[in-house]
Amino acid sequence: MKYKEIGERCTSNEACGRKAMCIYETTLSTYGICKEILSMSENTLVLPMYKADMADTDTGLFVY
C-alpha cells in the first residue's frame, strides 16, 4: 500500500502511514493534512475527527 507524503491531503490516519497522522482543520473538515507525529507546536489545538456515531462512544474515548 502506498501511503501519503507529509503535507498531502488525507481522509484517515491510516492513509498517512506510521510516521504521520491526518490532522483536520475543524471537526467538520472532510480532508486533513498528513502531519509528522509529534511535530505540532505546544499550543496547537488538535480536534477529534468527526464521527456520525460519536454519541455511542465512551466519553473518555476520542478519535484523532
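Side chains included, hydrogens not; waters and symmetry mates left out as well; all remaining heavy atoms used. What you see is a predicted model, and the numbers here were worked out from it, not measured in a lab.
- Atom NZ of K4 sits about 9.0 Å away from atom SG of C22, to the nearest 0.5 Å.
- Checking side-chain atoms of S29 against main-chain N and O of G32 turns up no donor-acceptor pair under 3.5 Å.
- Looking at residues two or more places apart in sequence or on another chain, you find a side chain to side chain contact (heavy atoms under 4.5 Å, CB included) between Y3 and M1.
- Listed by chain and residue number, S12 satisfy the side chain to side chain contact (heavy atoms under 4.5 Å, CB included) test with E14 (two or more places apart in sequence, or in another chain).
- From K19, atom NZ reaches atom CD of E36 across 8.5 Å, with rounding to the nearest 0.5 Å.
- Using a 4.5 Å heavy-atom cutoff, the side chains of I33 and E8 are not in contact.
- A disulfide is not assigned to C16 and C10, since their SG atoms are no nearer than 2.5 Å.
- One finds the CD atom of E25 at 11.5 Å from the OG1 atom of T30 (value rounded to the nearest 0.5 Å).
- I37 and I23 end up in the same hydrophobic cluster when Ile, Leu, Val, Met, Phe, Trp and Tyr side chains are linked at under 4.5 Å.
- With Y24 contributing its side chain and T11 its backbone, the two residues share a donor-acceptor pair below 3.5 Å.
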